[in-house]
Asker: 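Below you will find the structure I want to go over with you.
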Amino acid sequence: MRRTRPCGALRREHAGTTVVLNGWVHRRRDLGGLIFLDLRDHAGRVQVLVEPGAADAFDVADTLRAEWVIEATGLVRERPEDQRTDDGAGAVEVVAERIEVLAAADTPPIQVAGDERASEELRMRYRYLDLRRPDRMEPLRVRHRAIKAIWDFLDAEGFLQVETPLLTLATPEGARDYLVPARVRPGTFYALPQSPQLFKQLLMAGGADRYFQIARCFRDEDLRADRQPDFTQLDLEMSFVEVDDVLELNERLLKEVTHAAVGWNIATPFPRLTHAEAIDRFGSDKPDLRFGYELSDLSDLFAGTAFRGFASALDAGGTVRALRVPSARAGDLSRKALDELEAHAKVHGAKAMAWLRRDGDGFKGPIAKFLEAETPALRDHAPEQSDLLLLIADRRAVACGALGAVRLALRDRLGLVPDDAPPAFAWVVDFPLLEQDEETGAWTYMHHPFTRPHADDLERLESDPGSVRAEAYDLVLNGFEIGGGSLRIHDRATQDRMFRALGFADAEAEERFGFFLEALRYGVPPHGGIAWGLDRLAMLLAGAPSLRDVIAFPKNVRGGDPLTGAPAPVDAAQLEELGIRLADVPEPVEPTS
RNA sequence: GGACCCGUAGUGUAGCGGUUAGCAUAUCUGCCUGUCACGCAGAAGGUCGCGGGUUCGAAUCCCGUCGGGUCCGCCA
C-alpha cells in the first residue's frame, strides 16, 4: 500500500481518517501494555500508539528498534488536550491497526535521536545516518533553495545555462591540477577544471551574450574549514557590460537568493571599498564589516622615533599600524591574552606586536618607557582611560595583515559580533592587477591573466606595473570571500601586452593559451563576469561553521572521503591499461584506530 | 612543508603517577496501559589509537608513529 501522506504532515484536520505511514522508528516508548512509537520521515515526526487490542501490530511493535523502517496503518485522532506537543504533527496521533517492517536496522554507530553529537569523523563515515537529523539536512535544503532562486532569476534576466567540459586542458598556473590519464592517447592527460574561465569567455566569443552555470571546480590544494578540493561555483558572464552592470545584477541576484533561501531582506547597493582601503582600514581584502575596530596608520607619529623597534621598520620603508581596543573591552584582555594575541600576529607574519595601555596622561606597557617623546601625540589615539593600543611595525602588507588577523581574533574572543547581527555584504574593488613575488621579484597576476587592466592605468603596464589597477572585484560577506570576478581583456593586443608583463615569451603564451588567443582575433565582445563560491555562500546562509555542512558527502582535512575510503590504490591492470607505472611510493598504511 | 589541539566501552565524556578505569546514553533481560529524552530493577560491554622509553608502578610523564581537527604556507 502507498503512504497517504508524510508523517510530519499530519494535522488536526486529518483526524478521523485512516492513513498509511512510512518512516523510521525515531523512538520507542514501551509501557508494557502500551507502546508509543515516534515515526520520523523527511517532513517530521508523528506519534503512533499501539494498543494490545491490535494483536498483530502489538507483537510487531514489541520487536521494533531505533531506525527500523516500517509501514504503519491506522486511524488519526486528536491527542488529549494536555498531551499535545508543539512540533508539526504534535496535535494528533495514529492508532496503529497494522505495522509492517520494511527494513530492520542494526544498532546505529551514531545515534539519530537525541542531542548527542558524535565526532565529525564518525558523522562523515556514516553521513547517511547523520543526514537523518533534520538540522543536518536543513543546510542542503537551504542550498537547494538558493540554487533554484539562481536559476529562476538568471533565466528571467536572459541568461543561458551552459555546461562546460570536466575533462579539459591542464594549465600550469594557478592551483595544482587534478589530472586524468587519457587511455586512448597514452602519455597524455586531461585536467579537471579549476574554473570554467576560458570556456565562458569563449561562449561570449560565440555570441551567448549572457551565460551561467552551477559549475563543479577542482583545485588540488590543502584543505581548510572553508575549502574543499572539489567545490561548486555559480559562474556567470555577460557581454557588453561595465563593472557597474555586473555588480548591480549581482546585488539584485543576491537579494533574491538570500530571501528565497533563508528569508533575509538585505539592503542594496552594497558598500564598496577599494582594495587599498580594505587593507588599510581592516587589514584584509575580505573585511568583516559587522564590527568596527578599524586600524590606523601611526607612521607619521613615529617618524624620527628613538624606539629602535619602530625606527628600523620605518627606515626600511615600512609602517606602524595600530588597533585600538576601547577601554570598555580592554579590561577583558589580560597580560596572558595579549601574549596570545601577539602569538597570533606572529603566525600571520609579524615579527612582534607591542601594546600600550592608557594610564593617566601616559601609558603602561613593556615599550612605554621608550615612547615618552610620542606620548602626547599618542593620547589622541587612546583618548579614554585604560584604552589599549596594539601596534605592529612592518611592511604595509605584513603590519596590516597581522593586525587584521588580530582584529578577527578579538572579534571571536570578545564576542564583538552579536548572534543577530545583520549580514554585512561588501564589494572590494580596484584590486592591483599584478603583485610581485617576494623572492623572485617577478610580477604575477593577482586575479588571472585575462583580467582587464584599468584603462586609466594601462599606459603604466610596462613602466610601473605595481601601480596598475585591475577591473576586478570581490564579493565579501561577513569576512568571507564569496565571489570574485572582473572585466576581461577582449582584444589580442592588450592580451599580448599582459602576457609580456607577466614575463611570458610570446611563444610560451601561444603554447599554453593559443586556442584562446586565436579566438581573440575574430571579434570578441567586451565582457565580464563573476564566480561565486556557492558552497561558502550556502555555509553562511545556513549559519554553518564548516563548508562540510553544506556538502552532501564532504572530504576531510586530508582530502579523503571517510565514507567511501577515497582516494585508494587501484589494480595494477587498471594502471597498465592507462600506461602508468608508479614511482616508489610508500606502502599505504592501514589505519590502526 | 610548518605550528598547535585532540584520541578512554557502540556513542558522548570523567579520571592526569598507585582506582576493581567512573558517569550518561545506547545494547540485552525482567516489570510496567497515556508515554513523549517514559520510568523502575538487573546484566553484559574497555588491547585507555599503536610502538618504545622513564618509573617499584603509566590511561596519566617523555619520544616516535597512526588517525582526527584548527591555522600558517599554498589556494590564477
Side-chain angles (χ1 to χ4, degrees), chain A residues 26-39 45-53 58 65-67 79-87 89-90 93 95 106-126 129 171-177 194-195 197-198 217-229 231 340 343-350 401-402 405 408-409 412 431 433-435 438 444-451 470 472 481 484 486 498 502 512-513 531 533 545-546 548 556-558 560 562 588-593:
Chain A
H26 186 71
R27 279 205 173 86
R28 192 180 72 112
R29 291 178 293 279
D30 183 351
L31 272 60
L34 195 60
I35 298 173
F36 293 96
L37 303 172
D38 287 341
L39 197 58
R45 298 200 291 258
V46 71
Q47 173 165 284
V48 175
L49 170 62
V50 194
E51 294 174 311
F58 193 83
R65 292 295 181 272
E67 298 311 309
R79 298 178 58 173
E81 197 77 44
D82 57 338
Q83 292 181 8
R84 292 174 189 164
T85 57
D86 293 336
D87 43 326
E93 64 189 0
V95 185
D106 289 350
T107 302
I110 61 176
Q111 288 172 237
V112 176
D115 300 329
E116 194 172 87
R117 267 295 168 80
S119 70
E120 186 164 27
E121 184 181 5
L122 270 175
R123 287 189 281 125
M124 285 170 76
R125 168 80 179 80
Y126 297 100
L129 295 180
T171 50
E173 50 287 308
R176 206 174 287 113
D177 282 318
Q194 296 180 25
S195 86
Q197 183 61 36
L198 291 177
C217 305
F218 306 86
R219 293 178 190 175
D220 185 6
E221 298 294 345
D222 289 350
L223 287 79
R224 289 284 189 284
D226 65 346
R227 255 166 42 190
Q228 287 267 307
F231 62 102
E340 286 165 5
H344 193 69
K346 285 179 172 172
V347 165
H348 288 264
L408 296 182
D412 299 336
F431 275 74
L433 182 70
L434 304 167
E435 62 185 345
E438 275 180 47
T444 183
Y445 43 82
M446 205 156 175
H447 188 54
H448 58 55
F450 315 104
T451 303
E481 180 197 330
S486 64
M498 179 71 176
L502 293 169
R512 291 182 183 182
F513 301 109
S546 168
R548 295 187 276 266
N556 67 20
V557 76
R558 292 179 54 210
V589 181
E590 287 299 318
T592 52
S593 58

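We name chains A, B, ... by the order of the sequence lines, and we start the count at 1 in each one.
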Asker: Please evaluate residues A/Arg219 and A/Gln228 with respect to the criterion side-chain hydrogen bond (donor to acceptor under 3.5 Å, both in side chains), reporting the C-alpha separation (whole Å), side-chain torsions for both, the decisive distance (0.1 Å), and the verdict.
Answerer: CA-CA 8 Å; A/Arg219 293 178 190 175; A/Gln228 287 267 307; over 6 Å; no
Asker: Report the base-pairing partner of B/rG67 (Watson-Crick or G-U wobble, both distances below 3.5 angstrom), or none.
Answerer: B/rC6
Asker: Looking at B/rG69, does its base get a donor-acceptor pair with the side chain of A/Asn556 below 3.5 Å?
Answerer: no
Asker: By the 4.0 Å heavy-atom rule, please label A/His348 as base, sugar-phosphate, or nothing.
Answerer: sugar-phosphate
Asker: If you check the A/Val557 side chain, which of B/rU11, B/rU70, B/rG67 turns out closest?
Answerer: B/rU70
Asker: Output the rounded distance in Å from NZ (A/Lys346) to C1' (B/rC71).
Answerer: 17 Å
Asker: Is any side-chain N or O of A/Arg125 closer than 4.0 Å to OP1 or OP2 of B/rG67?
Answerer: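 It does not, given that no N or O in the side chain of A/Arg125 lies less than 4.0 Å from OP1 or OP2 of B/rG67.
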Asker: Would you indicate what A/Pro108 reaches in the nucleic acid, counting non-hydrogen atoms under 4.0 angstrom: base, sugar-phosphate, or nothing?
Answerer: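 No contact.
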Asker: Quick check: any donor-acceptor pair below 3.5 Å linking the side-chain of A/Glu93 to the base of B/rG34?
Answerer: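 When only heavy-atom distances are counted, A/Glu93 does reach the base of B/rG34 through a donor-acceptor pair under 3.5 Å.
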Asker: For A/Arg548, answer base if it contacts any base atom (sugar-phosphate contacts may also be present), sugar-phosphate if it contacts only those atoms, and nothing otherwise; contact means non-hydrogen atoms under 4.0 Å.
Answerer: sugar-phosphate
Asker: Given that A/Asp222 and A/Asp30 both sit by RNA chain B, which one's nearest nucleotide is further toward the 5' end?
Answerer: A/Asp30
Asker: Would you tell me if any nitrogen or oxygen in the side chain of A/Arg224 comes within less than 4.0 Å of OP1 or OP2 on B/rC72?
Answerer: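 Looking at the OP1 and OP2 atoms of B/rC72, one of them is under 4.0 Å from a side-chain N or O of A/Arg224.
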Asker: For atom C1', what is the distance between B/rA58 and B/rG51, given to the nearest Å?
Answerer: 15 Å
Asker: May I ask you to say what A/Ile110 touches in the nucleic acid, namely base, sugar-phosphate or nothing, with a heavy-atom cut-off under 4.0 Å?
Answerer: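 Answer is nothing: A/Ile110 stays at 4.0 Å or more from every strand.
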Asker: In whole angstrom, what separates A/Met124's CE from B/rG69's C1'?
Answerer: 11 Å
Asker: Taking atom types as modelled and ignoring hydrogens, do the side chains of A/Asn556 and A/Glu121 form a donor-acceptor contact shorter than 3.5 angstrom?
Answerer: no
Asker: Could you state the CZ-P distance from A/Arg558 to B/rG1, rounded to the nearest angstrom?
Answerer: 11 Å
Asker: Categorize A/Glu120 for me: base, sugar-phosphate, or nothing, with a 4.0 angstrom heavy-atom threshold over every strand shown.
Answerer: sugar-phosphate
Asker: Within this structure, what is the CG-to-C1' distance between A/Leu34 and B/rC31, rounded to whole angstrom?
Answerer: 15 Å
Asker: Between A/Arg512 (side chain only) and A/Thr171 (backbone N and O only), is there a donor and an acceptor less than 3.5 Å apart?
Answerer: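 Checking the backbone N and O of A/Thr171 against the side chain of A/Arg512, no donor-acceptor pair under 3.5 Å is found.
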Asker: Atom CG of A/Asp106 and atom C1' of B/rA26: how far apart are they, to the nearest Å?
Answerer: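 It works out to 14 Å between those atoms.
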Asker: From the options B/rU70, B/rU11, B/rC36, select the nucleotide whose nearest atom is closest to the side chain of A/Gln47.
Answerer: B/rC36
Asker: Distance only, no hydrogens: is a donor on one side chain within 3.5 Å (strictly under) of an acceptor on the other, for A/Gln47 and A/Arg27?
Answerer: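 A/Gln47 vs A/Arg27: no donor-acceptor pair found between side chains.
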Asker: Respond yes when some side-chain nitrogen or oxygen of A/Arg29 is under 4.0 Å from OP1 or OP2 of B/rG39, and no when none is.
Answerer: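 So the side chain of A/Arg29 is outside the cut-off, no N or O lying under 4.0 Å from OP1 or OP2 of B/rG39.
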Asker: Any side-chain N or O of A/Arg27 less than 4.0 Å from the OP1 or OP2 oxygen of B/rC38?
Answerer: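 Yes, such a contact exists.
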Asker: Can we say A/Glu221 and A/Arg176 salt-bridge, meaning some charged N sits less than 4.0 Å from an Asp/Glu carboxylate O?
Answerer: yes
Asker: Does A/Arg227 get its side chain close enough to the base of B/rC75, under 3.5 Å, for a donor-acceptor pair?
Answerer: yes
Asker: Regarding A/Arg176, tell me which of base, sugar-phosphate or nothing describes its non-hydrogen contacts under 4.0 Å with the strands shown.
Answerer: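 The answer is nothing, as A/Arg176 stays clear of every strand by at least 4.0 Å.
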Asker: Which base, if any, makes a Watson-Crick or G-U wobble pair with B/rU13, both distances under 3.5 Å?
Answerer: B/rG22
Asker: Once rounded to the nearest 0.5 Å, what's the spacing between atom CZ of A/Arg224 and atom OG of A/Ser546?
Answerer: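 A/Arg224 CZ to A/Ser546 OG: 13.0 Å, rounded to 0.5 Å.
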Asker: Quick one: label A/Leu49 by what it contacts on the DNA or RNA (base, sugar-phosphate, nothing), any heavy atom closer than 4.0 Å.
Answerer: base
Asker: With a 3.5 angstrom cut-off on both distances, give the Watson-Crick or G-U wobble partner of B/rA43, or none if there isn't one.
Answerer: B/rU27
Asker: Starting the side chain at C-beta, find the nucleotide from B/rG34, B/rG68, B/rA24 nearest to A/Glu116.
Answerer: B/rA24
Asker: Using the C1' atom on both, measure B/rG15 against B/rG52 and round to a whole Å.
Answerer: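 Taking atom C1' in both B/rG15 and B/rG52, they lie 25 Å apart.
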Asker: Considering residues at least two apart in sequence or located in another chain, which fulfil the side-chain hydrogen bond (donor to acceptor under 3.5 Å, both in side chains) criterion with A/Asp226?
Answerer: none
Asker: Mind checking the C1' distance from B/rC63 to B/rC71? Whole angstroms is fine.
Answerer: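 Those two atoms are separated by 25 Å.
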Asker: How far, in whole Å, is B/rC36 from B/rU47 if one measures between their C1' atoms?
Answerer: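 One C1' to the other, the span is 41 Å.
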Asker: Does a nitrogen or oxygen in the side chain of A/Ser119 sit under 4.0 Å from OP1 or OP2 of B/rU11?
Answerer: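 Answer is no, no contact under 4.0 Å.
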Asker: For B/rC6 versus B/rG49, give the span between their P atoms, rounded off to a whole number of Å.
Answerer: 13 Å
Asker: Using a strict cut-off of less than 4.0 Å between a Lys/Arg side-chain nitrogen and an Asp/Glu carboxylate oxygen, indicate whether A/Asp115 and A/Arg117 qualify as a salt bridge.
Answerer: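 No, no charged N to carboxylate O under 4.0 Å.
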Asker: Using the C1' atom as the reference point in each nucleotide, state the distance between B/rG7 and B/rA14 in Å, no decimals.
Answerer: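 Per the computed distance, 15 Å lies between those C1' atoms.
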Asker: Nearest whole Å is fine: how far is B/rG7 C1' from A/Leu122 CG?
Answerer: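 From A/Leu122 CG to B/rG7 C1': 12 Å.
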Asker: Please give the nucleotide sitting opposite B/rC38 as a Watson-Crick or G-U wobble pair, both distances under 3.5 Å, or none.
Answerer: none
Asker: Could a donor-acceptor pair under 3.5 angstrom be found where the side chain of A/Arg28 meets the base of B/rU35?
Answerer: no
Asker: Under the side chain to side chain contact (heavy atoms under 4.5 Å, CB included) rule, collect the residues that match up with A/Ala350, sequence neighbours excluded.
Answerer: A/Ala345, A/Ile392, A/Ala402
Asker: From B/rG69, B/rG12, B/rU35, pick the nucleotide closest to the side chain of A/Phe36?
Answerer: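 Selected nucleotide: B/rU35.
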Asker: Could you work out the separation of B/rA59 and B/rU19 based on their P atoms and round it to a whole Å?
Answerer: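 Pairwise P distance, B/rA59 against B/rU19, rounds to 9 Å.
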Asker: So A/Gln228, base contact, sugar-phosphate only, or nothing? Heavy-atom distance under 4.0 Å.
Answerer: nothing
Asker: Could you check how far CG of A/Asp115 sits from C1' of B/rA26, rounded to whole Å?
Answerer: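 That distance rounds to 14 Å.
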Asker: Any side-chain N or O of A/Arg65 below 4.0 angstrom from OP1/OP2 of B/rC28?
Answerer: yes
Asker: By nearest atom, which of the nucleotides B/rU11, B/rG73, B/rC36 is closest to the A/Asp38 side chain?
Answerer: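 Out of B/rU11, B/rG73, B/rC36, the nucleotide with an atom closest to A/Asp38's side chain is B/rC36.
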Asker: Whole Å only: how far is the CD atom of A/Glu221 from the P atom of B/rC72?
Answerer: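 Nearest whole value for this atom pair: 14 Å.
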Asker: For nucleotides B/rC23 and B/rC40, find the distance between their P atoms and express it as a whole number of Å.
Answerer: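 Rounded to whole Å, the distance is 16 Å.
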Asker: Ignoring the backbone of A/Gln111, work out which of B/rU11, B/rU35, B/rG69 is nearest its side chain.
Answerer: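 Minimum distance to the A/Gln111 side chain belongs to B/rU11.
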